[in-house]
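So the structure is just underneath, and the comments pick up after that.
Computed from a prediction, not measured in an experiment: that's the story for all the values here. Below, chains carry the letters A, B, ... as their sequence lines are ordered, and counting in each starts from 1.
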Number of protein chains: 2
Amino acid sequence: MKPKKISLSDIAKEAGVSIALVSYVLSGKEKEGRVGPEIAQRIRVIARELNYQPNLLAKSLRDGRTYTIGLIIADISNPFFANIAREVEDESRRNGYTVIIGSSDENADKAYDLMNVLINRQVDGFIIVSSENSERIVTHLQTIGMPFVLLDRHFPAFDTDFVVTNNAKASYEAGVHLLENGYRRIGFVAYRSVMFHVKERIRGYQDALRDRGIVAEADWLKEVQFDNMATEIRTAIDELLSGRVPIDAIIFSTYGLAVNGLKYFNERKVRVPDDVGVVSFGQAEVFDLYYCPISFMRQPIDVLGKRAVEVLMERLQQPDNPHRQVTIDAQLIARESSQRKPE
Amino acid sequence: MKPKKISLSDIAKEAGVSIALVSYVLSGKEKEGRVGPEIAQRIRVIARELNYQPNLLAKSLRDGRTYTIGLIIADISNPFFANIAREVEDESRRNGYTVIIGSSDENADKAYDLMNVLINRQVDGFIIVSSENSERIVTHLQTIGMPFVLLDRHFPAFDTDFVVTNNAKASYEAGVHLLENGYRRIGFVAYRSVMFHVKERIRGYQDALRDRGIVAEADWLKEVQFDNMATEIRTAIDELLSGRVPIDAIIFSTYGLAVNGLKYFNERKVRVPDDVGVVSFGQAEVFDLYYCPISFMRQPIDVLGKRAVEVLMERLQQPDNPHRQVTIDAQLIARESSQRKPE
DNA sequence: TTGAAAGCGCTAACAG
DNA sequence: CTGTTAGCGCTTTCAA
């Protein structure tokens, strides 16, 4: 039933030559004055006839490289990561690499298991969007000398390659933007996390208010639990909107928070931007389609993905170069959601 | 710098035994009365100490199976496919398989190239969301005896395994739903395609109208070009809404069409559902968040993905079983967009 | 109980 | 110019 796979030796037999010759010809090495032109031709013809397909497994085993990279992200069904994955996939293919993607669900243990699966499959390197408490992955990869690039999130305590957004700056700009549009009491919703990128976003927001002479009240900052986001965000918003003096704008620090927040706005009949101004991180069709198009800090997904692959390629070439640390600015896309109606 | 990988022979040397023994122990075969218990213990300890990681490449080369499956979809950054990918990934991992995903961009040539890349990487089988004109993939996989399952779309002319939505029925229900809510002049927007699933969706729509005694006018059906969708859909909607007698409802046959259509509604200030009722295929957060939540035919993504993997697993076990053809019903999620306001 | 060795398909050093 | 061969890491048959 299943036709046997064609191997070099099949072709060699058919052509009446040695395996080595076939290998040379088929990997374009006959230029080096190795193989006679007529026999090279014959081999090529036979290979075509038999529809020879090289076994990359064997080749990889032989020379210790698989031309495969492992991509560990939180969840491929989240559009932010899906887009990242797409960029990484495309750019990798351009470099002759195949990508294996794994979703960690922001769970450090799952991510670690995934890493091991991919190591066993002999990936040449990793691109990783880290989750909380996954420093173990970093240290392990470092001790075994496996090349990797951290993407979108990084650990400042470790000297590694990374490609990230300038989160503090992005938040800062989001804050200033709202202030300049007349908002004064600006809330900020983030995940509860010790991750650097989360802290940076909070810091940027706080700096913006402070620099503009606004005294932010502590309870303008809401941190919600990732696992319990759908419900906690409702409480957070309730509190923001029903405080002694309600806030007049909110910055959502991720796409997921924004979507759930906006959903709840609909439920509570909170009107954007009349009742509350909005700027979000992330980017998605949702923001275009909302009745009031949502302003957001456009994270440079395409650049992030491409650069991550580039940095990894460099690292594979030059394992001992100093680490590359790339920071890319986000871009404010101002829409109506942060445009206060003239009173 | 890079620590050498630990192999069986390293452990064997360390333990002063043969490679074979180590292999037996580490693959749990010492039960078969093969290995002495104390030596087995010693081997295990050493393996742990050295942090042995089996080289799956070598194992795969040896026994001709990689425990890898290739997933070919149109575009991982489309939420429908991203969710499919997620389900396939999870279910595969549960079965001890790793997934390699490739995006074809609905391009048959790209898909064929992808297929070859994955074949060279010795995947054990494929799950494929076919694009137009990619029958070649099907015939090729059949002639080389490579197991595969078509997902979401299939070719009725070929006898293959497949797992798909009952598209005709879904469309039919969408049509009936609108009719029962008082809409009479129902337009349908689809991609221009000869693919079976597209034709089926159109057929279901037409049958619904016919069965309810509505004479559908030919220009209620709009087919737009995939590559040029963003602009063609505007024309299509213009025509639907500005005909001699404008339509009063639209069915969008995919997520992408719906998103672009709704975006244009916003631009044209067309109000849903007052000016036009809407039902869409696909599913996404967008539909929740639109000012008027969008009714849609919920495609059973989770089931589709899981079943596809199941069918492939069966096929890998039983290459000669008759083909499994699984059809799963979509489910109408009725929201306000198809709820005509009482006049 | 244990070990030696073949072989999966490929590349490359070496020999002729 | 062409062939022989070792070896990547693993499993498994066969022999001891």
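- The side chain of P37(A) has dC1(D) as its nearest neighbour among dC10(C), dC1(D), dG9(D).
- Across the protein-nucleic acid pair, K5(A) atom NZ and dG7(C) atom P stand 20 Å apart, rounded to whole Å.
- Nearest to the side-chain atoms of A20(B) among the listed nucleotides dA4(C), dC10(D), dG3(D) stands dA4(C).
- Closest to the side chain of L8(B), from the set dG9(D), dC10(D), dT2(D), is dC10(D).
- Nucleic acid contact for N55(B): sugar-phosphate only, since backbone atoms but no base atoms lie under 4.0 Å from a heavy atom of the residue.
- With the nearest nucleotide of DNA chain C identified for both V17(B) and D63(B), V17(B) has the one nearer the 5' end.
- The side chain to side chain donor-acceptor pair (under 3.5 Å) with D90(B) is formed by just one residue from the set R94(B), R86(B), R93(B); it is R86(B).
- If you find the closest nucleotide of DNA chain C to E38(B) and to P54(A), the one lying nearer the 5' end belongs to E38(B).
- Side chains of S103(B) and E89(A): a donor-acceptor N/O pair is present below 3.5 angstrom, by distance only.
- We find that CG of L56(B) is positioned 15 Å from C1' of dC8(C), with the value rounded to whole Å.
- dC8(D) atom P lies 22 Å from atom CZ of R121(A), rounded to whole Å.
- Residue I39(B) is in sugar-phosphate contact alone, with no base atom involved, counting any heavy-atom pair closer than 4.0 Å across all strands shown.
- Between the C1' atom of dG7(D) and the CD1 atom of I19(A) lies a distance of 14 Å, rounded to the nearest Å.
- As rounded to whole Å, 17 Å separates atom P of dG7(C) from atom CG of L61(A).
- Side-chain atoms of R44(A) and Y52(A) include no donor-acceptor pair closer than 3.5 Å.
- Comparing dT4(D), dC8(D), dG3(C) by their closest approach to the side chain of Y24(B) singles out dG3(C).
- Residue S23(B) is classed as a base contact, given a heavy-atom separation below 4.0 Å to a base.
- The S18(A) side chain lies nearest to dT4(D) when the options are dT4(D), dC10(D), dG3(C).
- With 3.5 Å as the limit, one finds a donor-acceptor pair spanning the side chains of T68(A) and R121(B).
- A salt bridge is defined here as a Lys NZ or Arg NE, NH1 or NH2 lying under 4.0 Å from an Asp or Glu carboxylate O, and D161(B) with R324(B) fails to meet this definition.
- Look at CG on L21(A): it is 14 Å from C1' on dA15(C), rounded to the nearest Å.
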